[in-house]
Amino acid sequence: MPAEYGPHCGCMMVWPVRAGSWPHGAKEAQETFAQIIRVLAESEHVFLLAHGAEYERVCALFSAESRVHVFDVETDDAWARDIGPTCVVNKDGEVRGVDWQFNAWGGAYDGLYAHWEKDNRAAAAVCGALSMECYDAQHFVLEGGAIHTDGEGTLLVTEACLLSGGRNPLLNKAEIERELKQYLGAEKVVWLPRGIYQDETNEHVDNVCAFVRPSEVVLAWTDKKDDPQWELSNACLETLEKETDARGRKFTVHKLPIPERPVCITKEERDGFVFEEGEDVREAGERLAASYVNFYIANGSVLVPQFGDVNDRPAVRLLAGLFPERAIVPVYARPIIVGGGNIHCITQQIPAGKNLHWDITGPLAAGGFEGERK
């Protein structure tokens, strides 16, 4: 599995519509997604899933963007990083997808909605549309946000997520690690204890710790010992200080502050949701899992979530120093995090490879590309 900071073909996204995730008809969320898509399309392809009436509207909305390609694929929600294929590359540069089982972050045990069948079919649909071979890993529950790699054999995960009762309860830690190594080509799995406080994904790693280059990571941090995040982040720091990567290198850890003030659901936002039976219900005043670690590394830029907080600028400055070769693009992320995620969660990287080069002449349909494949 290649690193996100490596050159890649593009990323997958899903157009947001679910009324239980996106308040007030998803209007603000769609505006933010459109902003992100246009920034990404400056340096990479965006493979965007939409369905029904939204499909035609989205095709028209991005008709002038040559790097935005729309699939007619139906999903349950819009978390592309978690439902899309995890792409792996061999020594000859050939790309394949891994189709994990998706169960809405916990299935019947503690999943966030009762029906996720369409989400679970999305990875295979994308691989088919891209004419990309696909490994069937439906026996193993995993989301893209639960893993992060340096591209050199090291994988970061959290115990809170991968050992949760709703993922793979019949497998022990060693068996889970064996599956990750087999499908991702990893040589070493570094298990961080926890993630971000109140992260409803059972604390995905991509919200708390991420590689910026080999053996170098950013870690969500607060100096406030009375904040519940301090204990979680400190436990991760202690692990990173003791561990090495797959090549025996010690980790360099950059502390990336979380927002100074907790980001919470407002009553107005709460009143804008329409929840289905069996869906996780949000409450006014609920603390959200806001983190600047959930940035996305595009080929030419780094999109950094912003929350209208005093730590927005320090986060941008720190990441600008770590990615001097890329433009840093702040994106107001409240409309996304209210839906339960962040910039990183709405994208899934698709690497460049021998089987991923096309001349695109128009939008994409579910059947594949309109255009000549090289």
Side-chain angles (χ1 to χ4, degrees), residues 16 21-24 26-29 31-33 35-36 79 112 145 158 160-161 192-210 212 217-237 253-273 280-296 302-323 328-346:
S21 293
W22 313 101
H24 306 294
K27 184 177 184 296
E28 274 194 288
E31 290 173 353
T32 304
F33 271 53
Q35 176 192 359
I36 289 170
W79 305 116
L112 299 186
T158 69
C161 178
L192 303 179
R194 301 296 301 270
I196 290 292
Y197 178 69
Q198 291 282 78
D199 188 339
E200 58 193 359
T201 66
N202 301 110
E203 301 174 22
H204 272 178
V205 73
D206 73 346
N207 212 15
V208 71
C209 188
V212 295
V217 300
V218 290
L219 175 66
W221 189 258
T222 178
D223 288 322
K224 295 180 177 179
K225 293 190 177 182
D226 59 345
D227 189 303
Q229 184 57 43
W230 185 88
E231 185 175 351
L232 278 59
S233 292
N234 190 58
C236 292
L237 179 62
V253 181
H254 301 277
K255 294 178 179 178
L256 188 58
I258 62 171
E260 178 74 12
R261 294 184 177 181
V263 180
C264 300
I265 290 276
T266 66
K267 184 179 184 303
E268 181 184 7
E269 289 165 340
R270 166 62 182 82
D271 292 344
F273 292 108
D280 186 57
V281 176
R282 295 195 171 281
E283 301 293 343
E286 175 185 337
R287 177 166 168 169
L288 300 172
S291 169
Y292 302 105
V293 173
N294 220 310
F295 51 82
Y296 175 70
V302 179
L303 279 69
V304 182
Q306 303 281 272
F307 305 103
D309 187 84
V310 295
N311 280 338
D312 284 1
R313 283 191 177 183
V316 167
R317 283 197 299 268
L318 189 149
L319 290 170
L322 295 174
F323 295 100
I328 305 298
V329 181
V331 177
Y332 183 59
R334 186 175 187 94
I336 300 174
I337 195 171
V338 165
N342 223 309
I343 291 172
H344 212 161
C345 294
I346 65 172

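In what follows, residues are counted from 1 in the order of the sequence shown.
Checking side-chain atoms of Ser233 against main-chain N and O of Ala220 turns up a donor-acceptor pair under 3.5 Å. Glu283 contributes no side-chain N or O that, together with a main-chain N or O of Lys267, makes up a donor-acceptor pair within less than 3.5 Å. Asn202 places no side-chain N or O within 3.5 Å of a backbone atom of Ala160 that could act as its donor or acceptor partner. Side-chain atoms of Thr158 come within 3.5 Å of backbone atoms of Glu203 as a donor-acceptor pair (strictly under, hydrogens ignored). A donor-acceptor pair under 3.5 Å is absent between the side-chain atoms of Asp271 and the main chain of Glu268, judged by distance alone. Not one N or O on the side chain of Asn342 forms a donor-acceptor pair closer than 3.5 Å with the backbone of His344.
Atom CZ of Arg261 is surrounded by 12 or fewer heavy atoms from other residues, nucleotides or ligands within 6.0 Å. Other residues, nucleotides and ligands contribute over 12 non-hydrogen atoms within 6.0 Å of the CD atom of Glu31. Other residues, nucleotides and ligands contribute more than 12 heavy atoms inside 6.0 Å of the CD atom of Gln306.
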Are Tyr332 and Thr32 close enough, and set up right, to give a side-chain contact (heavy atoms from CB on, under 4.5 Å), and what steps lead you there? CA-CA 8 Å; Tyr332 183 59; Thr32 304; over 6 Å; no

Intermediate values then yes/no, side-chain contact (heavy atoms from CB on, under 4.5 Å), Phe273 and Val338: CA-CA 10 Å; Phe273 292 108; Val338 165; 3.5 Å; yes

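Taken to the nearest 0.5 Å, the OG atom of Ser291 stands 4.0 Å off from the CD1 atom of Ile196. Here CD1 of Ile337 is found 4.5 Å from CZ of Phe307. Values are rounded to the nearest 0.5 Å. Of the inter-residue distances, the one linking Lys224 atom NZ with Glu260 atom CD reads 3.5 Å to the nearest 0.5 angstrom. With rounding to the nearest 0.5 Å, the separation of CG in Asn311 from CZ in Arg317 is 9.5 Å. Between atom SG of residue Cys264 and atom CD of residue Gln198 there is a gap of 9.0 Å, rounded to the nearest 0.5 Å. A distance of 10.0 Å separates NE2 in His254 from CG in Leu319, rounded to the nearest 0.5 Å.
You'll find the side chain of Pro330 stays beyond 4.5 Å of the side chain of Asp312, heavy atoms only. A 4.5 Å side-chain heavy-atom check between Glu286 and Val281 finds every atom pair outside the cut-off. Using a 4.5 Å cut-off on side-chain heavy atoms (C-beta onward), Leu288 and Ile265 make contact. Residues Thr201 and Asn207 fail the side-chain proximity criterion, which asks for heavy atoms closer than 4.5 Å. Side chains of Tyr292 and Asp309 form a contact here, defined as non-hydrogen atoms less than 4.5 Å apart. Proximity of Ile258 to Tyr197: side-chain heavy atoms (C-beta onward) are nowhere separated by under 4.5 Å. Residues Val205 and Cys161 fail the side-chain proximity criterion, which asks for heavy atoms closer than 4.5 Å. No side-chain heavy atom of Leu232 sits less than 4.5 Å from a side-chain heavy atom of Val208.
Nearest heavy-atom pair across Ala315 and Leu256 is CA-CD1, 3.9 Å. Residue Cys236 comes nearest to Arg194 through the heavy atom pair SG-O, 3.1 Å, listed as atom of the first residue, atom of the second, then distance. The two residues Arg334 and Thr266 come nearest to each other via the heavy atoms NH2-CG2, 3.6 Å. Listed here is the closest heavy atom pair of Pro259 and Ala290: CD-O, 3.6 Å.
Put simply, the residue from Val293, Leu237, Val253 that forms a side chain to side chain contact (heavy atoms under 4.5 Å, CB included) with Trp221 is Leu237. Just one of Ile343, Val316, Ile328, Val329 meets the side chain to side chain contact (heavy atoms under 4.5 Å, CB included) condition when paired with Val302; it is Ile328.
The aromatic rings of Trp22 and Trp79 are tilted relative to each other, their planes meeting at an angle between 30° and 60°.
Salt bridge annotation for Glu269-Arg282: absent, with no cationic side-chain nitrogen under 4.0 angstrom from a carboxylate oxygen.
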